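Source: prediction; values computed, not measured. For ligands, and for the atoms within them, numbers begin at 1 and follow the listed sequence.
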Amino acid sequence: MTVNFSPGPSQLYFTTEDHTRAAFRQGIPSLSHRSKMFEQFYQHTQEQLRALLSIPTSHHIFFTASATEIWERIVQNLVAEKSTHFVNGAFSEKFFKAGLQLNKDAKSITAEDGDGFSEPIKVDGEIIGITHNETSTGVSLPLDFIYGMKELNPSALVCVDAVSSIPFVDFDYNKIDSVYFSVQKGFGMPPGLGVWIVNEKCIAKSEQLLAKGHSIGTYHSLPSYLANGKKNQTPETPNSVAIYVLGKIAEDMNRRGINAIRKETLYKSTILYQALQSHEKINAFVGKKEYQSSTVVIADCGEHTNSVIHHLNNKGIDPGEGYGKHKNYQLRFANFPAHSKEQFEQLVDSLNSF
Ligand SMILES: *Cc1c(COP(=O)(O)O)cnc(C)c1O
């Protein structure tokens with residue numbers, strides 16, 4: 001069987017298929033989202049996610065269709081006029097553009113692909129968009145930078161894209177207003193579900209915008225999420241199979257232990273970066289150690305890119321292509337909980353034999 005190292009949709013988690021079959025056997029695809037059974041697994045998923053990621057009760061968890069949707073919801077619910085975005089790759093740029101498309105005064109602070117941000121600064125925006133792990137460039141920003149931005153800009157809402165770093169990243173949620181991700185990356189699930197974590201300040205801001213006559217969207221506005229969430233329900237007919245499966249996978253990960261998962265992730269990224277560092281033909285794309293992502297490792301393969309793909313494919317390894325303009329000379333390797341130690345050791349051996 002081929003191992004999928006693409007960052008997303010990525011390799012399925014070991015138990016995804018079994019839980020999905022179980023969902024079908026229990027009739028979840030045809031179940032009313034106003035039923036008791038729905039409310040029970042909605043609550044179960046909430047509890048397992050809270051336990052896994054140490055999300056405090058000050059923060060709510062809501063379900064969307066994708067992380068892309070959350071960009072739009074953040075702008076609608078939390079921005080009257082101004083937003084500020086740290087842009088260092090394709091995903092952070094898409095969030096910035098969502099602000100512009102929704103007619104906000106969106107400003108970007110940019111860094112070159114492969115570079116990041118480490119010095120907190122004062123900015124002018126109701127929200128600050130930060131991409132913790134830029135999946136397009138393999139850059140992960142230091143947590144001290146994110147917390148420092150909140151400290152320097154206490155009245156702004158700090159919104160963190162952690163799509164490709166959760167569940168590995170260990171946030172202090174008290175220092176962040178909103179965090180979001182989707183499930184086809186670190187949770188090893190089929191695409192089609194986003195998770196939006198917000199604190200009370202975000203709820204208050206959306207209510208304030210609504211009271212002032214702003215449009216904050218319709219069914220997926222924060223007040224609508226909150227009213228339904230209190231009943232363990234969703235505003236619309238949601239992807240209930242995915243909500244169920246996410247809870248089951250989070251439960252499996254809780255049983256395995258998040259510390260063990262994080263330690264294993266570090267082991268796997270360390271051996272891969274070591275292999276790249278000592279390789280004669282392939283290098284790590286992100287040069288600065290402080291920015292090297294543990295969950296998305298990007299290899300600069302230059303003119304050898306196609307032959308590396310061929311070599312790896314022959315060993316049952318499917319690397320992720322470089323993102324966008326980097327496609328012809330980079331390969332991306334996701335390091336998620338679904339990727340075993342043995343698979344990473346095999347990946348390293350295969351790169352070494354190239
Ligand atoms: C994949 C990804 C997204 C988009 O997620 P969707 O589920 O496709 O909307 C956003 N941000 C980052 C960093 C990503 O890796």
Under 6.0 Å from the CD atom of Glu17, do we count more than 12 heavy atoms belonging to anything else shown? no

Looking only at the side chains, is there a donor atom on one of Ser164 and Asn133 sitting less than 3.5 Å from an acceptor on the other? yes

I need the nearest protein heavy-atom contact for atom 15 (O) of ligand 1: residue, atom name and distance, please. Thr135 OG1, 2.4 Å

Go through ligand 1 atom by atom and flag the ones less than 4.0 Å from a non-hydrogen atom of Trp71. 10 (C), 11 (N)

Sorted by chain and number, sequence neighbours left out, side chain to side chain contact (heavy atoms under 4.5 Å, CB included) with Ser58 holds for Pro56, Asn174

Once rounded to the nearest 0.5 Å, what's the spacing between atom CG of Leu246 and atom OG1 of Thr16? 10.0 Å

Answer yes or no: does an N/O atom from Glu69 fall short of 3.5 Å to an N/O atom of ligand 1? no

Give me the residue, atom name and distance of the protein heavy atom closest to atom 9 (O) of ligand 1. Thr68 OG1, 2.6 Å

Are the charged groups of Arg50 and Glu47 less than 4.0 angstrom apart, N to O? no

Taking both backbone and side-chain atoms of Ser182, is any N or O found less than 3.5 Å from an N or O belonging to ligand 1? yes

Nitrogen or oxygen of Thr131 less than 3.5 angstrom from that of ligand 1: no

I want to know if ligand 1 touches Asn133 in the polar sense, i.e. an N/O pair below 3.5 angstrom. no

Is Glu134 in polar range of ligand 1, meaning some N or O pair under 3.5 Å apart? no

For Phe91, is the NZ or CZ atom of Lys185 found under 6.0 angstrom from the centre of its six-membered ring and inside 45 degrees of the ring axis? yes

Show the atoms of ligand 1 that are less than 4.0 angstrom away from any heavy atom in Ala67. 4 (C), 5 (O), 6 (P), 7 (O), 9 (O)

With a 4.0 Å cut-off on N to O distance, would you call Asp177 and Lys150 a salt bridge? yes

Any N or O of Phe91 closer than 3.5 Å to N or O of ligand 1: no

For atom 1 (C) of ligand 1, grab the closest protein heavy atom and report residue, atom and distance to one decimal in Å. Lys185 NZ, 1.4 Å

Looking only at protein heavy atoms, which one is nearest to atom 8 (O) of ligand 1, and what is the separation? Gln184 NE2, 3.6 Å

Among all the protein's non-hydrogen atoms, which is closest to atom 11 (N) of ligand 1, and how far away is it? Asp161 OD2, 2.7 Å

Parallel under 30°, tilted from 30 to 60°, perpendicular over 60°: which one fits the rings of His326 and Tyr329? perpendicular

Pairs where residues 202-219 contributes a residue and the test side chain to side chain donor-acceptor pair (under 3.5 Å) is met, not counting sequence neighbours: Glu126-Lys205

